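On a predicted model such as this, the values are computed, not experimentally measured, just so you know.
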Amino acid sequence: MSARKVLLSVVVPCFNEEAVIGLTHRHLVEVLGGDASFDLEIVYVNDGSRDRTEALLFELADHDPRVKVVSFTRNFGHQPAVSAGLEYAGGDAVAVIDADLQDPPEVILRLVEKWREGYDVVNAVREKRKEGLAKRFAYALFYKVYRRLASIDVPLDSGDFALMDRRVVDVMNALPEKNRFVRGLRSWSGFRQTGVAYERASRAAGETKYSFGKLLRLAFDGIVNFSTAPLSLIFGVGVATAVIAMFVGAGYLAARIFAIPIFGYTPGDAPGFTTLILTILFFSGVQLISIGILGEYLGRIYQETKMRPTFVVKEVRGGREAAAAAPVRAAERPARAG
């Protein structure tokens, strides 16, 4: 077995993070760079930033051989950026962390400890969030709904912040799908998984890049990518619609026979009008919702059949020579115990 030390790769997706990237790099190096039990590789993925993020990252790569920068041709999104980092990371263990320091790099050391115990996936589970009440409620609601609907066992309140063994990373990199929900794929892969609780902090600097709309879209991607429950929901809505329509029809018939006023008018004042409007509005809404859900699934099928890449890399700079070499076979990899 090779005597070389374990290589820990840390993937950091970045989009317009010039205000915080220097602080993030210093913190990562201070926390992880001095650990003698592993070598460190930091893979920054520039997701088409429009500020000075790319220039700052290239400067880091030019002065620090532990840094590798993967720069996109444009903004492809957070999940493609994480996927690119996993492809270019060469570590025996690969951690994913955002650039805003909301997820403390110190937690990575705890994730590594669990990995050394034999776990293949170690999820960082948010115990507390220093965010607004509405956002905390939305996150909690999503994870509960997602876990109930998804066909996989998803740990509650665990985002992309996690550590994965090389075997897990290789499995995820081999998946051909284009619409990627990384935390879902991580759970889907199986292997031995556990979680480590931590308290999430506020952003160190800059502004969040995930608007409410983007978060909603990410949540919907997670549900649609790993569950057919919305399709079953359409059938349930259809049955419920039929039942409601029967009750509404019976109520309207009673109002017509006994001249019961509805909003100040009796059904006899305008024969057929109320029935027509209610029927059109109700069934039109149900049909649009049903078509929309079907469209989401069909849209994903359409995107997958086009076989376009998830991202386009403009430039790769820096990195250790070992990371750019051919992957080491599993039998040649060092033991986890450090």
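Looking only at side-chain heavy atoms (C-beta outward), Glu17 and Leu56 stay at 4.5 Å or farther from each other. Put simply, the side chain of Val112 reaches to within 4.5 Å of the side chain of Leu163, judged on heavy atoms. Using a 4.5 Å heavy-atom threshold, the side chains of Val96 and Val182 count as separate. Side chains of Leu86 and Met164 form a contact here, defined as non-hydrogen atoms less than 4.5 Å apart. Contact check for Val168 versus Gln193: no side-chain heavy atoms found under the 4.5 Å cut-off. With a 4.5 Å cut-off on side-chain heavy atoms, Val107 and Phe161 count as touching. With a 4.5 Å cut-off on side-chain heavy atoms, Arg66 and Val29 count as touching. By the 4.5 Å heavy-atom criterion applied to side chains, Thr194 and Glu117 are not counted as neighbours.
Arg116 and Ser37 share a side-chain donor-acceptor pair at under 3.5 Å. A donor-acceptor contact under 3.5 angstrom links the side chains of Ser71 and Glu54, judged on distance only. Judged by distance alone, the side chains of Arg50 and Asn75 never bring a donor and an acceptor atom under 3.5 Å apart.
Here the side chain of Lys68 pairs no donor or acceptor atom with the backbone of Ile42 at under 3.5 angstrom. Under a 3.5 Å cut-off, the side chain of Asp98 and the backbone N or O of Asp100 do not form any donor-acceptor pair. At least one donor-acceptor pair closer than 3.5 Å links the side chain of Asp47 to the backbone N or O of Phe76. Under the 3.5 Å distance criterion, the side-chain polar atoms of Arg110 are matched with a main-chain donor or acceptor of Ala197. Not a single donor-acceptor pair under 3.5 Å links the side chain of Ser9 to the backbone N or O of Val94.
Atom CE of Met172 sits about 14.5 Å away from atom CZ of Arg167, to the nearest 0.5 Å. One distance of note links OG of Ser187 with CG of Asn123; it measures 6.0 Å at 0.5 Å rounding.
The heavy-atom pair separating Cys14 from Ile21 by the smallest distance is SG-CD1, 3.7 Å. Trp115 approaches Tyr119 most closely through the heavy-atom pair CD1-O, 3.2 Å. Nearest heavy-atom pair across Phe38 and Leu32 is CE1-O, 3.5 Å. Listed here is the closest heavy atom pair of Ala89 and Val43: CA-CG2, 4.1 Å. Residue Pro80 comes nearest to Gly77 through the heavy atom pair CD-O, 3.3 Å, listed as atom of the first residue, atom of the second, then distance. When all heavy atoms of Gly91 and Glu41 are compared, the pair lying nearest together is N-OE1, 4.0 Å.
A search for side chain to side chain contact (heavy atoms under 4.5 Å, CB included) contacts involving Thr24 returns Val20, Leu28, Leu101, not counting sequence neighbours. Evaluation of the side chain to side chain donor-acceptor pair (under 3.5 Å) rule for Glu59 yields no partner, not counting sequence neighbours. Residues passing the side chain to side chain contact (heavy atoms under 4.5 Å, CB included) test with Leu175, sequence neighbours excluded: Arg180, Leu185, Trp188. For the salt bridge (Lys or Arg N to Asp or Glu O under 4.0 Å) test, no residue two or more places apart in sequence or in another chain qualifies with Glu113. Taking the side chain to side chain contact (heavy atoms under 4.5 Å, CB included) definition, one finds that Glu87 meets it with Asn173, Phe311, sequence neighbours left out. Listed by chain and residue number, Asn16, Glu18, Ser49, Thr53 satisfy the side chain to side chain contact (heavy atoms under 4.5 Å, CB included) test with Asp51 (two or more places apart in sequence, or in another chain).
By the 6.0 Å and 45° rule, Arg74 does not stack over the aromatic ring of Phe72.
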ask   = After noting the C-alpha distance and the side-chain angles of Val12 and Val10, does the key distance pass the side chain to side chain contact (heavy atoms under 4.5 Å, CB included) rule?
value = CA-CA 6 Å; Val12 188; Val10 180; 4.1 Å; yes
task = Take Gln79 and Asp160 through the test side chain to side chain contact (heavy atoms under 4.5 Å, CB included) and record every step on the way to the result.
result = CA-CA 9 Å; Gln79 298 300 291; Asp160 293 319; 3.0 Å; yes
request  = Let me see the working for Tyr198 and Asp103 under side chain to side chain contact (heavy atoms under 4.5 Å, CB included), right down to the final yes or no.
outcome  = CA-CA 9 Å; Tyr198 76 104; Asp103 300 322; 2.6 Å; yes
inquiry  = side chain to side chain contact (heavy atoms under 4.5 Å, CB included) for Phe58 and Glu315? Distances and angles first, verdict last.
reply    = CA-CA 10 Å; Phe58 283 163; Glu315 182 177 353; 3.6 Å; yes
task = Carefully, step by step, assess Arg166 and Asp92 under the rule salt bridge (Lys or Arg N to Asp or Glu O under 4.0 Å).
result = CA-CA 5 Å; Arg166 180 79 248 168; Asp92 304 290; over 6 Å; no
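For the pair Arg126 and Glu199, the salt-bridge criterion is not met [side-chain N within less than 4.0 Å of a carboxylate O]. The pair Arg192-Asp165 fails the salt-bridge criterion, with no side-chain N (NZ, NE, NH1 or NH2) lying under 4.0 Å from an Asp/Glu carboxylate O.
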